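Below is one structure, written out as structure tokens; the observations come after it.
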Amino acid sequence: SGDDKLNTHHYNSDIRAYQIGINTIFIPNGKKFNYNAAFNQNVFQKRPAGSFLLMFSLKFNEIKSDQLIPDSIVKYFNNYDYTRNRNYSFMVYPGYAFNITKNLVYFSGALMGGVGLQNQTYKIKSPEVTDYKISFPVGYRAKVAAGYNGRVFFTGVFANVDYNLTSVHAVKMDQNI
């Protein structure tokens, strides 16, 4: 049946994805709190401290192929020949970070969340069309780190979560096939 064909795995071997970006973090309490000591361990911080943060992020994402929707299921998507999705976004993330230290042992955390503006373009091969869309993505970043930061020896563990959510161009499926 048609539902069985939609539930099987479909593969497209020529898809290429690209992502590049830059983040800049403003730290108002930079004289007492050091972000590098908290998460990169390349600076030594002796006293616990924290700071409000403001991160600015510019990002570029692109996914492209001769056909983004695999040939085996393109008929369910009104035969759209999507060949490219390109996004440019600017995000602003306010947040807070801290570093707790005691006898060369540290625990650090940071949480930032925000919203941005995104320009999306979609290229369709047949008919030759480029669609544009403005979106307002939301995202957050959470980081934690813990370890020992001595003068000669240091070690630690960390976890980092980056999450971004944006709406994309809706492609309607034809359920009657």
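Counting begins at 1 with the first residue of the sequence. No experiment lies behind these values; they were computed from the predicted model shown.
In the displayed structure, I22 atom CD1 is contacted under 6.0 Å by at most 12 heavy atoms of other residues, nucleotides or ligands. Summarising the local packing, CD1 of I20 is surrounded by 12 or fewer heavy atoms from other residues, nucleotides or ligands at distances under 6.0 Å.
The shortest distance between side-chain heavy atoms of N119 and R86 does not fall below 4.5 Å. Side-chain contact between K143 and Y35 is present, with at least one heavy-atom pair separated by less than 4.5 Å.
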Step-by-step side chain to side chain contact (heavy atoms under 4.5 Å, CB included) determination, N160 to R141: CA-CA 7 Å; N160 185 32; R141 171 180 276 192; 4.0 Å; yes
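Closest of all the heavy-atom pairs between F33 and F98 is CE1-C, 3.6 Å. A97 and A110 get closest at one heavy-atom pair: CB-CB, 3.6 Å. What you find for S57 and Y93 is that their closest heavy atoms are CB-CE1, 4.0 Å. Nearest heavy-atom pair across P48 and I100 is CB-CA, 4.1 Å. For T101 against R47, the heavy-atom pair with the smallest separation is OG1-C, 3.4 Å. When all heavy atoms of D66 and D14 are compared, the closest pair comes out as N-OD2, 3.4 Å.
Residues V92 and V138 are members of separate hydrophobic clusters, defined by side-chain heavy-atom contacts under 4.5 angstrom among Ile, Leu, Val, Met, Phe, Trp and Tyr.
Considering OG1 of T24 and CE of M55, their distance stands at 9.5 Å, rounded to 0.5 Å.
T83 places a side-chain N or O within donor-acceptor distance of the main-chain N or O of K123, the cut-off being under 3.5 Å. Using modelled atom types, no side-chain atom of S89 and backbone atom of L117 make a donor-acceptor pair closer than 3.5 Å. Distance alone, capped at 3.5 Å, places no donor-acceptor pair between the S108 side chain and the N99 backbone.
For the pairing with R84, the side chain to side chain contact (heavy atoms under 4.5 Å, CB included) check across I63, I124, T121 returns one residue only, T121.
Under the 30°/60° scheme for interplanar angles, the aromatic rings of F90 and F56 are found to lie parallel.
No side-chain donor-acceptor contact under 3.5 Å links N164 and D162.
With ring centers used as reference points, F52 lies 6.0 Å or more from Y96.
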